[in-house]
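Every number for a ligand or one of its atoms is a count from 1 in the order of the listing. Starting from 1, each residue takes its place in the sequence as its number.
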Amino acid sequence: MAIGGVGAGGGAGSGEGQGRSVLVTGGAGFIGTHTVLQLLEKGYAVTAVDNFHNSVPEALDRVRHIVGPALSARLQFIFGDLTIKDDLEKVFAAKRYDAVIHFAGLKAVAESVAHPEMYNRNNIVGTVNLYDVMKKHGCNKLVFSSSATVYGQPEKVPCFEDSPLKALNPYGRTKLYLEEMLRDYQHANPEWRTILLRYFNPIGAHESGDIGEDPKGVPNNLLPYIQQVAVGRRPELNVYGYDYRTRDGTAVRDYIHVVDLADGHIAALEKLFATPDIGCVAYNLGTGRGTTVLEMVSAFEKAYGKENPGEDVPEEAGRFGAGVRVHRQGRRGARLEGQVRDRGDVQGPVELGQEEPVRLLRRR
Ligand SMILES: NC(=O)c1ccc[n+]([C@@H]2O[C@H](COP(=O)([O-])OP(=O)(O)OC[C@H]3O[C@@H](n4cnc5c(N)ncnc54)[C@H](O)[C@@H]3O)[C@@H](O)[C@H]2O)c1
């Protein structure tokens, strides 16, 4: 599961990236901001490009605030849309980049089913443009955000990088196609070094609580949904399906902390710099451990309860305690509802640009 042979360790300002310049597409997004922050702390000069389709300018302001003025002077932001080639030309005209980490993309499965053309245009055209402009400007090192969705509904878990690949929806097909495309491009241009990172389910946030996942619209992932219910932004969470063959019947996912995921990107980058003949290679970024929906709700409750021992637990909370209730609805569903009254150091939406942040902690 981990990227072998490279260390992602090192503290703030440890300087591995000194003198190197990295372009981060989608740098204002959830995973992008955490990676930008860690790149800066490692001594890289970073340019982030984003069109704010699913993020806000304040996200990068908060990164600047966290790293302080000296490191923040090494961060440049350029507003741009990858589907517009001229935008990318401007980005590459501004500076020479040693490598690109490519996060920019749309990622909501249900939206991709409703609007497949939007996903093809954004994810595929955006990446084709990026590749063309990188090639034109002699930048040939790329870390690409793929997804564990390329394993489809795996017959065996955990999935390894050589497990069979199969996309089950238009979003997954964009990732699978882009993996194949980047493999073909590298084959035709052997000097290219490409790492495809297949993420499982990123969650959590930087320990400051100032950045994190704050999706626009209805969250597509479980944890932000639980968080939004907990802080009262949404009334309830429907848990669909109690008949999976799992410990408690609810769906299992492999959740990885976003700070660990960002570490994984730095490890990938360092591996690219250190390995001239790497070609195009895929790595999983996950923990190899599964968590059910109800276990996630319960873990959230415990984290909250621990940080806020004075919280009074409503009777209906049942075994889930601390202000979040789950209602089973027959065999096929359950509802979770509730409120977290005290916004302490619990996992919750950071509400970028909206309200007082609810802080998210990294578990060590
Ligand atoms: N979060 C997950 O669960 C997950 C899992 C697997 C893979 N991924 C992949 O990781 C990448 C980053 O995910 P994230 O969770 O940070 O998502 P995110 O939506 O928070 O970040 C993506 C960023 O890219 C920007 N963007 C989108 N299209 C763009 C375009 N055409 N031009 C410029 N900017 C554009 C968005 O505004 C956003 O800031 C995505 O490619 C996603 O498919 C995410």
Practice prompt. Could you say whether the N/O atoms of Ala28 and ligand 1 ever approach to under 3.5 Å?
Written response: no
Worksheet item: Does ligand 1 have an atom under 4.0 Å from some heavy atom of Gly80?
Response: yes
Item to complete: Look at atom 27 (C) of ligand 1 and say which protein heavy atom is nearest, naming residue and atom and giving the distance to 0.1 Å.
Response: Gly105 N, 3.5 Å
Worksheet entry | Proximal ligand 1 atoms for Phe200, defined as those under 4.0 Å from one of its heavy atoms | 5 (C)
Worksheet entry | Asn189 and Tyr131 side chains, donor-acceptor separation under 3.5 Å | yes
Worksheet item: Could an N or O of ligand 1 be found under 3.5 Å from any N or O of Phe30, whether backbone or side chain?
Response: yes
Discussion item. Does only the side chain of Lys175 get under 4.0 Å from ligand 1, or the backbone, or both, or neither? Count heavy atoms.
Written reply: side chain
Discussion item. With a 6.0 Å cut-off (strictly less than), is the heavy-atom count around CZ of Arg247, excluding the residue itself, greater than 12?
Written reply: yes
Worksheet item: Has Gly27 got any heavy atom lying under 4.0 angstrom from an atom of ligand 1?
Response: no
Response to the item:
Checking heavy atoms under 4.0 Å, the part of Asn221 that sits near ligand 1 is side chain
Worksheet item: When you measure from atom 9 (C) of ligand 1 to each heavy atom in Phe144, Phe103, Tyr199, Phe79, which option holds the nearest one?
Response: Tyr199
Worksheet item: Against heavy atoms of Ser146, which atoms of ligand 1 measure under 4.0 Å?
Response: 6 (C), 7 (C)
Worksheet item: When you check the gap from the basic side-chain N to the acidic O, do Arg121 and Glu117 get nearer than 4.0 Å?
Response: no
Worksheet entry | Numbered atoms of ligand 1 (with element) below 4.0 Å of His53, judged on heavy atoms | 37 (O)
Worksheet item: Does an N or O from Ser147, backbone or side chain, lie closer than 3.5 Å to an N or O of ligand 1?
Response: no
Discussion item. If we count only N and O atoms by modelled type, under 3.5 Å, do the side chains of Glu213 and Asn221 hold a donor and an acceptor together?
Written reply: yes
Discussion item. Taking 4.0 Å as the limit for heavy-atom contacts, which would you say applies to Tyr171 with ligand 1: side chain only, backbone only, both, or neither?
Written reply: side chain
Fill in: Nitrogen or oxygen of Asn54 less than 3.5 angstrom from that of ligand 1
yes
Discussion item. Checking a contact table here: which protein heavy atom is nearest atom 16 (O) of ligand 1, and how many Å away?
Written reply: Ile31 N, 2.9 Å
Discussion item. If you measure every N or O of Pro202 against every N or O of ligand 1, does any of those distances drop under 3.5 Å?
Written reply: no
Response to the item:
of all protein heavy atoms, closest to atom 26 (N) of ligand 1 is Asn51 OD1, 3.5 Å
Practice prompt. Within a distance under 4.0 Å of any heavy atom of Phe52, pick out the atoms of ligand 1 and give their elements.
Written response: 37 (O)
Discussion item. Looking only at distances, can you tell me whether any N or O atom of Asp50, backbone or side chain, sits closer than 3.5 Å to an N or O atom of ligand 1?
Written reply: yes
Discussion item. With a 6.0 Å cut-off (strictly less than), is the heavy-atom count around CD of Glu155, excluding the residue itself, greater than 12?
Written reply: no
Response to the item:
Quick look: Asn122 vs ligand 1, heavy-atom contacts under 4.0 Å, and the answer is side chain
Practice prompt. Over all heavy atoms of both residues, which pair between Pro154 and Gly152 is shortest? Give the atoms and the distance, please.
Written response: CD-O, 3.0 Å
Discussion item. Does only the side chain of Ala148 get under 4.0 Å from ligand 1, or the backbone, or both, or neither? Count heavy atoms.
Written reply: neither
Worksheet item: Can Glu179 and Arg198 be counted as an ion pair, charged N to O under 4.0 angstrom?
Response: yes
Fill in: Neighbour count above 12 (heavy atom, 6.0 Å) for Arg74 CZ
yes
Worksheet item: Does Arg289 reach the side chain of Thr291, with side-chain heavy atoms less than 4.5 Å apart?
Response: no
Discussion item. Nearest non-hydrogen contact with atom 17 (O) of ligand 1 belongs to which option: His102, Lys107, Arg253, Arg121?
Written reply: Lys107
Worksheet item: Any chance the side chains of Thr149 and Lys175 put a donor and an acceptor closer than 3.5 Å?
Response: no
Item to complete: Measure the shortest side-chain to side-chain distance between Asp210 and His65 over non-hydrogen atoms and say whether it is less than 4.5 angstrom.
Response: yes
Worksheet item: Quick one: does Leu71's side chain get under 4.5 Å of Leu75's, heavy atoms only?
Response: no
Practice prompt. Would you mind running through ligand 1 and noting each atom that sits below 4.0 Å from a heavy atom of Leu82?
Written response: 30 (C), 31 (N), 32 (N), 33 (C)
Worksheet item: Taking the side chain as C-beta and beyond, is there a heavy-atom pair between Glu111 and Tyr119 under 4.5 Å?
Response: yes
Worksheet item: Do the side-chain N and O atoms of Tyr44 and Gln38 include a donor-acceptor pair separated by under 3.5 angstrom?
Response: no
Discussion item. List ligand 1 atoms under 4.0 Å from Ala104, heavy atoms only on the residue side.
Written reply: 24 (O), 26 (N), 29 (C), 34 (N), 35 (C)
Item to complete: Would you mind listing which atoms of ligand 1 come within a distance below 4.0 Å of any non-hydrogen atom of Gly29?
Response: 20 (O), 21 (O), 39 (O)
Worksheet item: Judged by modelled atom types alone, do Tyr199 and His265 share a side-chain donor-acceptor pair under 3.5 Å?
Response: yes
